[in-house]
Amino acid sequence: MLDLAIIGGGPAGLTAGLYATRGGLKNVVMFEKGMPGGQITQSSEIENYPGIKDVVTGMELMAPWPEQCMKFGLKHEMKEVTRVSEGDGSSFKISLAGGDEVEAKAVIVCTGSTPRRANFDGEEEFFGRGVSTCATCDGFFYKGKEVAVLGGGDTALEEALYLSHICSKVYLIHRRDAFRASPAIVERVKKADNIELVLNSKVKKVYGDNMGVQGVLIVDKEGNERDLKVPGIFVFVGMNVNNEVLKQSDGSYLCDVNEYGEVIVDLSMKTSKKGLFAAGDIRIQAPKQVVCAAGDGATAAISTISYLGE
Ligand code: FAD
Ligand code: NAP
């Protein structure tokens, strides 16, 4: 029986492991289906992690984390968790891909989130090299330049406004002429001098070279094409939280989630299920930043230590 199972080895999971083992827990396993590091390893540049003064790649930022986080006894099992469910009495059952099962007294779920893809040509090829899903992270790299934003929800419009303060011009591309976003934010976007609404339009492809994106080809409902010569496009077509591990065989979730599937936690990262904690992008109101995910992981581990000591 594990004292603690951590699901996911991004910034939240790794930090949870560091704090749990350094805080005295002995039998702690982090299940990460790939190499530890999380989604930030896809980013070509990060410059907002405190203490790291230079712009580094996501890979460079995360490279020292596993060694530090495993120094106090955290074990990494490179396995995908398929489900977390109730075990005997007060424990949890962790089901692994391949059929194995492990029991744990407590669980911290840190499986993160995945930005939805819009599925235009070049989206994968240029992801992290001009195609971005994070304006807070990457907007500054386009200071004084023109960029495109794709999407018509609250995120797209809020991020278009954010970018309009940094960039010379923002083309807001949306596939319809009505926005899904709330009327208040739509009004603010319409009032912004340097946001051009490109409605009833889809992105056909992004193109570029080894250095990154050079332009975005869009097509409207009548089939007219337009070439936007921008070095960056921000895609905000919704986020998926990776909450599949909490789904039970009857379709319910092991703990309370909100209408978007985000795990509801309190300030100590406790979920509605005793002994089950959640940290990072998967939780409600997550700012979706590395520093915040790491902070959540530390908080969840400290809460777990108290829980197991009770
Ligand atoms: P994740 O990093 O998503 O990690 C979750 C981990 O869980 C993954 O490694 C995944 O493989 C694993 N996992 C998922 N399901 C399972 C399963 N069933 N079994 C086992 N393992 C599983 N933030 C910033 O602060 N600054 C930036 O500049 C910045 N730039 C970004 C650029 C890009 C391109 C992207 C995509 C994100 C960026 N972010 C940035 C956001 C940041 O990466 C996330 O907020 C942060 O990584 C969230 O950490 P997490 O640990 O909650 O989840
Ligand atoms: P969202 O509301 O699901 O909006 C996604 C947008 O992307 C929609 O406009 C959709 O177009 C468009 N889209 C989807 N797939 C596309 C594709 N393949 N190609 C082009 N466009 C595509 O997602 P979100 O904006 O991330 O918001 C998620 C939830 O969080 C929402 O409920 C939102 O209200 C909430 N949220 C709230 C706030 C806030 O309260 N301040 C801020 C952010 C998010 P259609 O409209 O045509 O479907």
Side-chain angles (χ1 to χ4, degrees), residues 6-16 30-50 52 55-58 61-62 77-84 94-97 109-120 123 127-129 131-141 149-159 173-182 184-185 200-203 234-246 258-260 262 278-283 285-294 296-297:
I6 296 166
I7 324 294
L14 283 163
T15 311
M30 179 183 78
F31 295 94
E32 164 56 60
K33 61 185 174 185
M35 292 304 290
Q39 58 178 286
I40 191 62
T41 56
Q42 299 166 30
S43 173
S44 56
E45 289 167 320
I46 168 162
E47 64 178 0
N48 59 3
Y49 194 82
I52 308 294
V55 178
V56 292
T57 65
L61 177 79
M62 296 311 295
E77 292 241 7
M78 200 187 279
K79 295 210 170 124
E80 180 173 0
V81 172
T82 52
R83 183 174 293 155
V84 180
I94 318 294
S95 306
L96 303 172
V109 180
C110 308
T111 43
S113 70
T114 312
R116 273 187 219 136
R117 298 291 198 258
N119 294 323
F120 50 76
E123 190 176 21
F127 195 81
R129 296 191 300 126
V131 177
S132 172
T133 48
C134 180
T136 322
C137 322
D138 298 333
F140 190 74
F141 300 121
V149 167
L150 177 64
D154 283 308
T155 306
L157 272 71
E158 281 185 0
E159 300 305 304
I173 306 162
H174 181 37
R175 62 187 177 186
R176 297 187 289 133
D177 60 1
F179 289 107
R180 188 175 289 271
S182 64
I185 190 93
N200 294 317
S201 297
K202 287 183 177 171
V203 173
F234 290 83
V235 179
F236 301 114
V237 296
M239 286 294 290
N240 297 325
V241 286
N242 303 325
N243 62 15
E244 299 81 5
V245 296
L246 295 170
N258 70 8
E259 59 198 302
Y260 311 120
E262 298 158 344
D281 277 14
I282 191 165
R283 71 157 167 95
Q285 294 170 11
K288 299 202 164 63
Q289 295 289 291
V290 174
V291 66
C292 306
D296 280 4

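This structure is a prediction, so every number in the text was calculated from the model and none was measured. Whatever order the structure lists them in is the order used to number ligands and atoms, beginning at 1.
- Remark: the backbone N or O of Thr111 is paired with a side-chain donor or acceptor of Asn242 at under 3.5 angstrom.
- Distance check on atom 28 (C) of ligand 2: every protein heavy atom falls at or beyond the 4.0 Å cut-off.
- The atoms of ligand 1 that sit less than 4.0 Å from any heavy atom of Gly10 are 4 (O), 6 (C), 51 (O).
- Taking only nitrogen or oxygen atoms, main chain and side chain alike, Asp154 reaches within less than 3.5 Å of ligand 2.
- Looking at Asp281 next to ligand 1, an N or O pair under 3.5 Å apart turns up.
- Arg83 places no side-chain N or O within donor-acceptor distance of the main-chain N or O of Ser95, the cut-off being under 3.5 Å.
- Contact analysis puts His174 in contact with ligand 2, with a non-hydrogen atom separation below 4.0 angstrom.
- At least one N/O-N/O distance between Lys33 and ligand 1 falls below 3.5 Å.
- Side-chain N or O atoms of Thr41 include one that pairs as donor or acceptor with a backbone N or O of Gly38 at under 3.5 Å.
- Looking only at heavy atoms of the protein, atom 7 (O) of ligand 2 is closest to Val237 CA, 3.3 Å.
- Residue Leu14 comes nearest to Gly9 through the heavy atom pair CD1-O, 3.5 Å, listed as atom of the first residue, atom of the second, then distance.
- The shortest side-chain heavy-atom distance between Asp281 and Val241 does not fall under the 4.5 Å cut-off.
- For atom 39 (N) of ligand 1, the candidate residues are Ala135, Ala294, Ala293, Cys137; the nearest heavy-atom contact is made by Cys137.
- Among all non-hydrogen protein atoms, the one lying nearest atom 23 (O) of ligand 2 is Gly238 CA, 3.5 Å.
- Between Ala156 and ligand 2, not a single N/O pair is under 3.5 Å apart.
- Of all the heavy atoms of Tyr49, none lies under 4.0 Å from any atom of ligand 1, so neither backbone nor side chain is involved.
- Looking at Asn243, its side chain never comes within 3.5 Å of a backbone N or O of Ile282 through a donor-acceptor pair.
- A donor-acceptor pair under 3.5 Å is absent between the side-chain atoms of Asp296 and the main chain of Ala279, judged by distance alone.
- Phe140 is not listed as a side-chain neighbour of Asn48, based on a closest heavy-atom distance of 4.5 Å or more.
- Between Gly34 and ligand 1 there is no heavy-atom distance shorter than 4.0 Å.
- Judged by distance alone, the side chain of Asn200 and the main-chain N or O of Asp177 form a donor-acceptor pair under 3.5 Å.
- Residue-level proximity to ligand 1 for Ala12 is carried by backbone and side chain together, each with a heavy atom below 4.0 angstrom.
- Atoms of ligand 1 found under 4.0 Å from any heavy atom of Phe127, numbered from 1 in the order shown, are 34 (C).
- Close contacts between ligand 2 and Phe236 involve ligand atoms 7 (O) [criterion: under 4.0 Å to a heavy atom].
- Of the heavy atoms in Cys292, none comes closer than 4.0 Å to ligand 1.
- Residue Glu47 has no N or O atom closer than 3.5 Å to an N or O atom of ligand 1.
- Closest protein heavy atom to atom 46 (O) of ligand 2: Arg176 NH2, 2.8 Å.
- The shortest separation from a heavy atom of Ser113 to ligand 1 is under 4.0 Å, placing the residue in contact.
- Between Pro115 and ligand 1, no pair of N/O atoms sits closer than 3.5 Å.
- Atoms of ligand 1 found under 4.0 Å from any heavy atom of Gly280 (numbered from 1 in listed order, with element): 52 (O).
- Not one N or O on the side chain of Glu262 forms a donor-acceptor pair closer than 3.5 Å with the backbone of Asn258.
- Listed by number with element, the atoms of ligand 1 under 4.0 angstrom from any heavy atom of Asn48 are 24 (C), 25 (O), 26 (N), 27 (C), 28 (O).
- The shortest contact between atom 18 (N) of ligand 2 and any protein heavy atom is with Ala118 O, 3.3 Å.
- Residue contacts with ligand 1 for Lys79 involve N, CA, C or O but no side-chain atom from C-beta outward (heavy atoms, distance under 4.0 Å).
- Taking a cut-off of under 4.0 Å to the non-hydrogen atoms of Lys288, the atoms of ligand 1 that pass are 41 (C), 45 (O).
- A 4.5 Å side-chain heavy-atom check between Tyr49 and Val56 finds every atom pair outside the cut-off.
- For ligand 1, the atoms closer than 4.0 angstrom to any heavy atom of Phe31 are 20 (C), 21 (N).
- Among the atoms of Glu32, some N or O lies under 3.5 angstrom from an N or O of ligand 1.
- Each of the following atoms of ligand 1 lies closer than 4.0 Å to a heavy atom of Thr111: 5 (C), 7 (O), 14 (C), 15 (N), 16 (C).
- When non-hydrogen atoms are compared, ligand 2 lies under 4.0 Å from neither the backbone nor the side chain of Lys202.
- With a heavy-atom cut-off of 4.0 Å, Tyr260 touches ligand 2 through its side chain alone.
- Closest to atom 3 (O) of ligand 2 by heavy atom, among Glu123, Glu259, Arg116, is Arg116.
- Proximity of Val149 to Ile173: side-chain heavy atoms (C-beta onward) are nowhere separated by under 4.5 Å.
- In this structure, of Leu14, Thr82, Val81, the residue bringing a heavy atom nearest to atom 17 (C) of ligand 1 is Val81.
- With a 4.0 Å cut-off on non-hydrogen atoms, Val245 touches ligand 1 through its side chain and not its backbone.
- Counting heavy atoms from C-beta on, the side chains of Met62 and Pro11 come closer than 4.5 Å.
- The protein heavy-atom contact nearest to atom 41 (N) of ligand 2 is Glu158 OE2, 2.6 Å.
- We find the OG-CZ distance between Ser201 and Arg175 to be 12.5 Å, quoted to the nearest 0.5 Å.
- With a 6.0 Å radius and a threshold of 12 heavy atoms from other residues, nucleotides or ligands, Lys288 has its NZ atom above the threshold.
- Counting only heavy atoms of the protein, atom 8 (C) of ligand 2 lies nearest to Arg180 NE, 3.7 Å.
- What sits closest to atom 17 (C) of ligand 2 on the protein, heavy atoms only, is Arg175 NH1, 3.5 Å.
- Polar contact check, Glu80 against ligand 1: no nitrogen or oxygen pair lies under 3.5 Å apart.
- Side chains of Phe127 and Thr133 form a contact here, defined as non-hydrogen atoms less than 4.5 Å apart.
- For Gln39 (side chain) and Ser113 (main-chain N/O), a donor-acceptor pair under 3.5 Å exists by modelled atom type.
- Among the atoms of Gly151, none of the N or O lies under 3.5 angstrom from an N or O of ligand 2.
- The CG atom of Leu157 sits 6.0 Å away from the CD1 atom of Ile185 when rounded to the nearest 0.5 Å.
- Using a 4.0 angstrom heavy-atom cutoff, Cys110 counts as in contact with ligand 1.
- Crowding of Met35 atom CE: a count of heavy atoms from other residues, nucleotides or ligands under 6.0 Å not exceeding 12.
- Cys137 places none of its side-chain heavy atoms less than 4.5 Å from the side chain of Ile46.
- Some N or O of Val290 is nearer than 3.5 Å to an N or O of ligand 1, by distance alone.
- Under the 4.5 Å side-chain criterion, counting only non-hydrogen atoms from C-beta, Glu47 is in contact with Phe141.
- Scanning the protein for heavy atoms near atom 44 (C) of ligand 2, the closest one is Thr155 OG1, 3.4 Å.
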